[in-house]
Amino acid sequence: QVELVESGGGLVQAGGSLRLSCTVSGRPFSTVAMGWFRQAPGKEREFVAAIGWSGGTKYYADSVKGRFTISRDNAKNTVYLQMNSLKAEDTAVYYCAASPKYSPTTDSRSYGNWGQGTQVTVSS
């Protein structure tokens, strides 16, 4: 059984930083692309960042480019999302997701396994 467990969410002031982690179990981690998505209250889930199996290819949503960094440690089966210069509009539940493909994608339909989500709240 595949399991994705996120951690690292919380309450932070605008301008602050948080690092989210997502640990994967139940499937080979080093062969899959990983993504982060988020969903704010009353809004649809949206793409945030994605990383390929080797970490060499990364995609970011325009809204987070230059502030967020996605990375992975295949030895620890973990993907990270470093979030800097946080804004109130970054407030959302953040989900990590695993894709069976080597290459990352921004399309949530390509991701077959999802974590339970972690709340990020940015106070202004």
Side-chain angles (χ1 to χ4, degrees):
Q1 181 178 352
V2 180
E3 186 175 23
L4 286 70
V5 179
E6 301 104 333
S7 62
L11 173 65
V12 63
Q13 290 187 334
S17 298
L18 283 174
R19 189 176 82 154
L20 305 183
S21 301
C22 173
T23 300
V24 181
S25 61
R27 72 173 302 166
F29 178 76
S30 62
T31 61
V32 301
M34 297 294 298
W36 286 97
F37 293 78
R38 67 186 181 186
Q39 187 167 18
K43 296 187 177 181
E44 294 186 353
R45 187 172 300 187
E46 65 173 1
F47 167 76
V48 176
I51 187 168
W53 69 278
S54 69
T57 302
K58 302 177 184 180
Y59 298 139
Y60 296 96
D62 288 343
S63 58
V64 307
K65 204 170 292 183
R67 300 188 298 121
F68 290 12
T69 301
I70 189 171
S71 62
R72 64 190 294 160
D73 185 338
N74 287 347
K76 296 183 178 179
N77 287 6
T78 301
V79 62
Y80 305 97
L81 185 68
Q82 177 67 44
M83 306 185 294
N84 299 328
S85 302
L86 283 161
K87 306 175 181 179
E89 50 264 44
D90 294 318
T91 295
V93 177
Y94 284 70
Y95 299 90
C96 71
S99 167
K101 301 180 180 180
Y102 289 107
S103 298
T105 173
T106 64
D107 188 349
S108 63
R109 295 170 296 181
S110 297
Y111 294 84
N113 300 106
W114 293 79
Q116 82 289 351
T118 185
Q119 176 71 46
V120 171
T121 303
V122 184
S123 63
S124 57

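Throughout, numbering of the chain's residues begins at 1 and tracks the sequence.
Arg67 places a side-chain N or O within 3.5 Å of a backbone atom of Ser85 that can act as its donor or acceptor partner. When atom types are taken as modelled, the side chain of Ser124 and the backbone of Ala88 share no donor-acceptor pair closer than 3.5 angstrom.
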Task: Stepwise side-chain contact (heavy atoms from CB on, under 4.5 Å) check, Ile51 with Tyr59 - done: CA-CA 7 Å; Ile51 187 168; Tyr59 298 139; over 6 Å; no
- [ ] Take Val120 and Thr91 through the side-chain contact (heavy atoms from CB on, under 4.5 Å) test and state the conclusion after the steps.
- [x] CA-CA 5 Å; Val120 171; Thr91 295; 5.9 Å; no
Open item on the list: One pair to check against side-chain contact (heavy atoms from CB on, under 4.5 Å): Tyr80 and Asp73. What are the steps and the verdict?
Closed with: CA-CA 8 Å; Tyr80 305 97; Asp73 185 338; 4.0 Å; yes
TODO: Apply side-chain contact (heavy atoms from CB on, under 4.5 Å) to Phe68 and Leu86, showing your working.
DONE: CA-CA 9 Å; Phe68 290 12; Leu86 283 161; 3.8 Å; yes
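The two residues Pro104 and Ala50 come nearest to each other via the heavy atoms CB-CB, 3.7 Å. Residues Leu81 and Ala49 approach most closely at CD1-CB, 4.1 Å, considering heavy atoms. Between Ala40 and Ala92, the closest heavy-atom pair is N-CB, 3.8 Å. Here the shortest heavy-atom pairing between Phe47 and Thr105 reads CE1-O, 4.0 Å.
Proximity of Phe29 to Arg72: side-chain heavy atoms (C-beta onward) are separated by under 4.5 Å at one or more points. The closest side-chain heavy-atom distance from Val93 to Tyr95 is below 4.5 Å. Side-chain contact check for Arg38 versus Ser63: some heavy-atom pair is nearer than 4.5 Å. Looking only at side-chain heavy atoms (C-beta outward), Leu20 and Thr118 come within less than 4.5 Å of each other. Here the side chains of Tyr94 and Glu6 are not in contact, with every heavy-atom distance at 4.5 Å or above. Counting heavy atoms from C-beta outward, Ile70 and Trp36 have side chains that approach closer than 4.5 Å. With contacts defined as side-chain heavy-atom distances shorter than 4.5 Å, the pair Trp53/Val32 does not qualify.
Side-chain atoms of Asn113 and Arg27 form a donor-acceptor pair, as typed in the model, at a separation below 3.5 Å. Between the side chains of Thr121 and Gln119, at least one donor N or O sits under 3.5 Å from an acceptor N or O.
Using a 4.5 Å cut-off between side-chain heavy atoms of Ile, Leu, Val, Met, Phe, Trp and Tyr, with links allowed through other members, Val79 and Tyr111 fall into different hydrophobic clusters.
Rounding to the nearest 0.5 Å gives a distance of 10.0 Å between CG of Asn74 and CE of Met34.
The existence of a salt bridge linking Asp90 and Lys87 is excluded, since no basic side-chain nitrogen approaches an acidic carboxylate oxygen closer than 4.0 Å.
Annotation: side chain to side chain donor-acceptor pair (under 3.5 Å) contacts involving residues 12-25, sequence neighbours excluded, comprise Ser17-Asn84, Thr23-Thr78.
Atom NZ of Lys65 has more than 12 neighbouring heavy atoms from other residues, nucleotides or ligands inside a 6.0 Å radius.
If you look at Trp114 and Phe37, their ring centroids are closer than 6.0 Å.
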